[in-house]
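Following: one structure in structure tokens, then a few remarks.
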Protein chains: 2
Amino acid sequence: MPDHPKAPQGETAQRIVAIAMELIQTKGYSAISYQDISDRLGIRKASIHYHFPAKTDLGIAAIEAYAAGLQSYLQEVAGDERLTTAALFDHYCGPFLQLAAAPDTICLCGALAGEILALPKAMRPSVKAFFEMHEAWIEAMLVRGVARGEVSPDVDPRRVARTVFAALQGALLVQRAAGGAGRLEAVVATIRTLFAAP
Amino acid sequence: MPDHPKAPQGETAQRIVAIAMELIQTKGYSAISYQDISDRLGIRKASIHYHFPAKTDLGIAAIEAYAAGLQSYLQEVAGDERLTTAALFDHYCGPFLQLAAAPDTICLCGALAGEILALPKAMRPSVKAFFEMHEAWIEAMLVRGVARGEVSPDVDPRRVARTVFAALQGALLVQRAAGGAGRLEAVVATIRTLFAAP
DNA sequence: GTCTATACAAAGATAGAC
DNA sequence: GTCTATCTTTGTATAGAC
């Protein structure tokens with residue numbers, strides 16, 4: 001009972017997806033080719049077509065793999081009742097801080113969003129779903145925080161969630177192009193004041 | 001004494017740049033071709049090479065034209081001593097709200113930042129300069145606001161400027177991929193609380 | 001300044017041998 | 001599953017006529 005019926009799960013297929021993810025996060029989807037993957041993997045590009053007949057198939061597999069990894073992490077974190085809102089937020093920001101620490105890497109879906117109209121139509125709903133999942137998670141975190149008395153009832157969870165997510169995605173984007181040591185940390189600290197209790 | 005010695009200034013050249021700007025904002029740089037521009041302009045792609053011999057030349061011209069337009073607007077606004085910080089911020093956000101209202105359009109440099117490593121090296125410094133100019137402008141607005149007593153002295157202008165800019169860029173990116181009516185307005189309203197006087 | 005024609009490389013993809 | 005070989009299309013760019 002595979003999660004995604006059409007996504008190959010063999011070892012080579014997984015390595016192809018891993019390379020594709022990395023390349024998309026650094027160069028984007030339009031700019032990469034089967035040749036780029038072939039060069040890194042050490043097998044011919046025709047062989048990659050055996051696993052992913054069309055580039056669209058590979059693109060979708062890359063998004064789904066990326067989203068699945070983050071989703072399972074976030075679900076696990078959200079289930080821990082002992083965590084304060086502040087701790088929950090720290091956990092949420094972890095992957096973004098990691099991306100910022102790795103040179104030249106941004107969120108895979110952030111990269112794809114920048115060229116969304118150049119993507120095959122079949123890839124677009126997955127990007128949208130990724131964004132909606134994240135915003136819903138942050139919103140739920142805030143609602144929970146209000147219920148626990150850790151977030152001010154004046155906070156509009158939907159609005160703040162959208163702002164927090166936009167700031168993190170934007171910070172990754174700007175940091176890679178313009179640099180700025182400690183940029184992500186500064187943005188995280190600043191957006192925390194949007195909902196942290198005084 | 002042209003601003004950019006190598007950038008053609010003829011009427012056709014300007015129309016080419018305008019089309020290139022629009023296409024980059026919607027589809028990105030890697031995904032567009034001289035053929036795309038040819039189709040819209042009604043002249044053959046070989047003729048476009050007369051004005052911009054290499055695609056890199058056109059890319060640079062597009063960034064410079066885009067940045068110049070925004071810079072002159074921002075300089076004019078910043079020079080008006082009568083404007084309160086709140087009014088200044090509204091003026092700053094205007095172009096972002098306009099982009100959000102136009103379907104499928106994001107900031108040109110936001111789009112380029114998403115594929116920065118796929119860009120010709122000659123284009124990258126212009127993107128960086130654009131981001132630095134914007135963050136410096138916002139920072140100056142906040143410093144001015146503190147001096148005028150309209151912004152709390154507790155605000156760290158550099159950090160808040162980076163956060164505000166990241167949130168706006170990210171909001172455009174996310175909105176185009178995931179939709180969300182009133183998203184930009186919500187984000188603008190929320191980030192205003194980062195520095196608005198209580 | 002724009003055209004036709006063309007060169008050249010790269011991309012996505014398929015066929016068939018092993 | 002991977003290979004070689006090949007096909008087709010597209011992209012960037014140039015040459016030379018008008």
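Each chain gets a letter, A, B and so on, in the order the sequences are listed, and its residues count up from 1.
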Return the value, rounded to whole Å, for the distance between atom [atom1] of [X] and atom [atom2] of [N].
X	N	atom1	atom2	answer
B/Leu41	C/dT2	CG	P	8 Å
B/Ile48	C/dT2	CD1	P	10 Å
B/Phe52	C/dG1	CZ	P	11 Å
B/Gln9	C/dG1	CD	C1'	17 Å
B/Leu23	D/dG11	CG	P	12 Å
B/Glu11	C/dT2	CD	C1'	15 Å
A/Ile43	D/dT2	CD1	P	5 Å

task = Examine B/Tyr34 together with B/Phe52 and report whether their ring centres are nearer than 6.0 Å.
result = no
Just compare [options] and give me whichever is closest to any side-chain atom of [X].
X	options	answer
B/Tyr50	C/dG12, D/dT2, C/dT2	C/dT2
B/His51	C/dA13, C/dG1, D/dA5	C/dG1
A/Ser47	C/dC3, C/dG12, D/dC3	D/dC3
A/Arg44	D/dT12, D/dT4, C/dG12	D/dT4
B/Ala46	C/dA15, D/dA15, D/dG11	D/dA15

task = Would you tell me if any nitrogen or oxygen in the side chain of A/His49 comes within less than 4.0 Å of OP1 or OP2 on D/dG1?
result = no
key: Short side-chain N/O contact from A/Thr12 to OP1 or OP2 of D/dT2, under 4.0 Å   =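 Yes, within the criterion.
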Measure from the side-chain N and O atoms of [X] to the backbone N and O of [Y], and report whether any donor-acceptor pair falls under 3.5 Å.
X	Y	value
B/Tyr66	B/Ala61	no
A/Asp80	A/Val77	no
A/Ser47	A/Ile43	no

ask   = Can you find a side-chain donor-acceptor pair between A/His134 and A/Tyr92 that sits under 3.5 Å?
value =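 A donor-acceptor contact under 3.5 Å links the two side chains.
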message = Can you pull out every side-chain hydrogen bond (donor to acceptor under 3.5 Å, both in side chains) where at least one residue sits in residues 102-117 of chain B? Sequence neighbours excluded, please.
response = B/Ser30-B/Glu115
DNA chain D contacts made by residues 27-40 of chain B, counting heavy atoms under 4.0 Å =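 Heavy-atom contacts with DNA chain D come from B/Ile32, B/Ser33, B/Tyr34, B/Gln35.
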task = Output all residues satisfying salt bridge (charged side-chain N to carboxylate O under 4.0 Å, His left out) with A/Arg124, sequence neighbours left out; order by chain, then residue number.
result =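 If we apply the salt bridge (charged side-chain N to carboxylate O under 4.0 Å, His left out) test to A/Arg124, skipping adjacent residues, there are no hits.
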